[in-house]
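All of these numbers come straight from a predicted model, not from anything done at the bench. Hydrogens, waters and symmetry mates play no part in the numbers below; they use all other heavy atoms, side chains included.
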Amino acid sequence: MLYKDLNERTREELKDYFQERDYMVIAVPKLELMRVYALRASKSVETARRIHALDEERTKILGEALLSVLLLTSSIKHATKQKVLLKLSLQDGVVVAEADGMGRVRGFIEGQVKRPWEGTLTVIKELRLGTPYTSIVPVVSDSMKENLAYYFEQSEQVKTTVDLSVLLDAEGKVLVAGGYLLQVMGSTFSDINIDINLEKLLLEGSRPEDIARLILKDKEPRLVGLKEVEYYCPCNEEIARSSLSLLEESELEEILSEGPAEVVCKFCGRIYRFTKDML
């Protein structure tokens, strides 16, 4: 585990190392029982926009879901292949995002997903210890960050404050996307006044370590973890082929009678085709 003072020198080192790449920092104060996850995922959200050919509204919705699930990795083991899946099930659509402890994230959006939102928020943690842990809470707001905060309050029972921001340029491309999560294990939550404007900071070029430092203010922040973030889909031909085995033989025969069977990955749009001989 890293354990460095989040001072000017450390911030310069992070800037030199990550440059324009997406990443997350994990910081804690010297004495108090709290932690901050601060994240920049501009390139990852832009990749999602491009892959799924999203309009501005859907880019923001899926972008905030990707940021949310990355922040949810705070509840799994850092730097592992444990996974968290977030699913926003609404009356007219669904938003799905998945991330692992290594910082790899992917997602998709289906349907209209129009406001006002009514439905449920499901979080599934695959801890590789047997049965995945599943938690379902009602959607309480049209805001992704408010639903995420409600999830933490109800399911994790950890005092949490969260903010997310996805900003686009005039052409609808992702200009910047980032967020933070503050969790408090003790009873000092009410004493913390987070007086920052996330959108303004991101537009000014503030980096995750800058945001973490501003949140912790004079509490002598220490850097304890780093995680590079990327949009990544591990789908391959073998996985696509195995999905066809879930079909009834008669269904598969009917599909193959009209030509090769196609499997399209919802997360990355890759198309896999299988002839009868291949299967």
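- Heavy atoms of other residues, nucleotides or ligands lying less than 6.0 angstrom from NZ of Lys276 number 12 at most.
- We find the CZ-CG distance between Arg213 and Asp218 to be 10.5 Å, quoted to the nearest 0.5 Å.
- Annotation for Glu262: atom CD counts as buried by contact number, over 12 foreign heavy atoms lying within 6.0 Å.
- The closest donor-acceptor contact from the side chain of Thr73 to the backbone of Ile76 lies at 3.5 Å or more, if one exists at all.
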Exercise. Is there a side-chain contact (heavy atoms from CB on, under 4.5 Å) between Leu72 and Tyr151 once you walk through the steps?
Worked result: CA-CA 10 Å; Leu72 278 165; Tyr151 161 80; 3.6 Å; yes
For this session: Please report the C-alpha distance between Val184 and Leu33 in whole Å, then the side-chain angles of each, then the deciding distance to 0.1 Å, and finally whether the side-chain contact (heavy atoms from CB on, under 4.5 Å) criterion is met.
Result: CA-CA 6 Å; Val184 181; Leu33 295 175; over 6 Å; no
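- The nearest pair of heavy atoms linking Pro208 to Arg40 is CG-N, 3.7 Å.
- When all heavy atoms of Lys60 and Val166 are compared, the pair lying nearest together is CE-O, 3.8 Å.
- Contact of the Lys81 side chain with the Glu126 side chain is not registered, since no non-hydrogen atoms from C-beta on lie closer than 4.5 Å.
- Under a hydrophobic clustering in which Ile, Leu, Val, Met, Phe, Trp and Tyr are joined whenever their side-chain heavy atoms come within less than 4.5 Å, directly or via other members, Leu203 and Leu201 fall into the same cluster.
- By the criterion of side-chain heavy atoms lying less than 4.5 angstrom apart, applied directly or through intervening Ile, Leu, Val, Met, Phe, Trp or Tyr residues, Phe274 is grouped together with Ile255 in one hydrophobic cluster.
- Classification of Lys219 and Glu32 as a salt-bridged pair holds, one side-chain N sitting under 4.0 Å from a carboxylate O.
- Annotation: the span from Leu86 atom CG to Leu148 atom CG amounts to 7.5 Å, rounded to 0.5 Å.
- The CG atom of Leu62 lies 6.0 Å from the NE2 atom of His52; values are rounded to the nearest 0.5 Å.
- Formation of a donor-acceptor pair under 3.5 Å by the Gln112 side chain with backbone atoms of Asp92 is not found in this model.
- Across all non-hydrogen atoms, the minimal contact from Leu70 to Gly103 is CD2-O, 4.0 Å.
- With contacts defined as side-chain heavy-atom distances shorter than 4.5 Å, the pair Trp117/Asn147 qualifies.
- With sequence neighbours excluded, the residues satisfying ring pair (Phe, Tyr, Trp, His ring centres under 6.0 Å) with Phe18 are Tyr23.
- Every residue meeting the ring pair (Phe, Tyr, Trp, His ring centres under 6.0 Å) condition with Phe108, not counting sequence neighbours, appears here in chain and number order: Phe267.
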For this session: Using the side-chain contact (heavy atoms from CB on, under 4.5 Å) rule, take Thr120 and Val137 through it: C-alpha gap first, then chi angles, then the decisive distance, then the call.
Result: CA-CA 6 Å; Thr120 58; Val137 296; over 6 Å; no
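- Looking at Asp22 and Ser44, their side chains do bring a donor and an acceptor atom within 3.5 Å of each other.
- Side chain to side chain, Lys125 and Ser135 fail the donor-acceptor criterion of an N or O pair below 3.5 Å.
- By the 4.0 Å N-to-carboxylate-O rule, Glu153 lies too far from Lys159 to be salt-bridged with it.
- Annotation: side chain of Val105 is not in contact with side chain of Glu98 (no heavy-atom distance under 4.5 Å).
- Side-chain contact between Val264 and Tyr272 is absent, with no heavy atoms from C-beta onward closer than 4.5 Å.
- Shown here is Glu204, whose CD atom has more than 12 heavy atoms of other residues, nucleotides or ligands within 6.0 Å.
- Scored by the side chain to side chain contact (heavy atoms under 4.5 Å, CB included) test, Glu238 finds Asn236 as partners (sequence neighbours excluded).
- When all heavy atoms are compared, the tightest approach of Cys233 to Arg106 is SG-NH1, 3.1 Å.
- Residue Glu46 holds its CD atom at 6.5 Å from NZ of Lys173, rounded to the nearest 0.5 Å.
- Hydrophobic clustering (ILVMFWY, side-chain heavy atoms < 4.5 Å, transitive): Ile194 and Ile211 are in one cluster.
- No continuous path of ILVMFWY side-chain contacts below 4.5 Å connects Leu31 to Met34, so the two sit in separate hydrophobic clusters.
- No donor-acceptor distance shorter than 3.5 angstrom exists from the side chain of Asp100 to the backbone of Thr80, with no hydrogens or angles considered.
- Remark: side-chain polar atoms of Glu251 are not paired, donor with acceptor, to backbone N or O of Leu246 under 3.5 angstrom.
- Leu164 has its side chain within reach of Val162: a pair of non-hydrogen atoms, C-beta onward, lies under 4.5 Å apart.
- At least one donor-acceptor pair closer than 3.5 Å links the side chain of Arg21 to the backbone N or O of Tyr17.
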Exercise. Going through the checks in order, is the side-chain hydrogen bond (donor to acceptor under 3.5 Å, both in side chains) test met by Ser165 and Lys145?
Worked result: CA-CA 9 Å; Ser165 183; Lys145 67 182 181 182; over 6 Å; no
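- Under 4.0 Å is where a charged nitrogen must lie from a carboxylate oxygen, and between Glu209 and Lys15 no such pair does.
- Side-chain contact between Ile109 and Val94: absent, with no pair of heavy atoms (C-beta onward) separated by less than 4.5 Å.
- Remark: side-chain polar atoms of Ser242 are not paired, donor with acceptor, to backbone N or O of Ala240 under 3.5 angstrom.
- Of all the heavy atoms in Gly178 and Leu202, the pair that sits closest is N-CD1, 3.8 Å.
- Minimum interatomic distance between Val113 and Gly93 (heavy atoms only, all atoms of both residues): CG2-CA, 4.1 Å.
- With Thr59 contributing its side chain and Asp55 its backbone, the two residues share a donor-acceptor pair below 3.5 Å.
- One distance of note links CG of Leu127 with OG of Ser75; it measures 8.0 Å at 0.5 Å rounding.
- Side-chain atoms of Gln82 come within 3.5 Å of backbone atoms of Lys77 as a donor-acceptor pair (strictly under, hydrogens ignored).
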For this session: Check the pair Val263, Ile271 against side-chain contact (heavy atoms from CB on, under 4.5 Å), reporting the backbone distance first and the verdict last.
Result: CA-CA 6 Å; Val263 177; Ile271 301 173; over 6 Å; no
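- Contact check for Val224 versus Val25: no side-chain heavy atoms found under the 4.5 Å cut-off.
- In this structure a side-chain-to-backbone donor-acceptor pair under 3.5 Å is present from Tyr231 to Gly107.
- A salt bridge is defined here as a Lys NZ or Arg NE, NH1 or NH2 lying under 4.0 Å from an Asp or Glu carboxylate O, and Arg9 with Glu12 fails to meet this definition.
- With values rounded to the nearest 0.5 angstrom, Leu6 atom CG is found 12.0 Å from Glu220 atom CD.
- A 6.0 Å sphere centred on NZ of Lys87 holds no more than 12 heavy atoms belonging to other residues, nucleotides or ligands.
- Contact of the Ile26 side chain with the Leu223 side chain is not registered, since no non-hydrogen atoms from C-beta on lie closer than 4.5 Å.
- Between the side chain of Glu64 and the backbone N or O of Ile61, no donor-acceptor pair lies under 3.5 Å.
- Hydrophobic clustering of Ile, Leu, Val, Met, Phe, Trp and Tyr side chains at less than 4.5 Å, counting indirect connections, keeps Met102 apart from Tyr232.
- For the 3.5 Å distance criterion, the side chains of Gln183 and Arg35 qualify, holding a donor opposite an acceptor.
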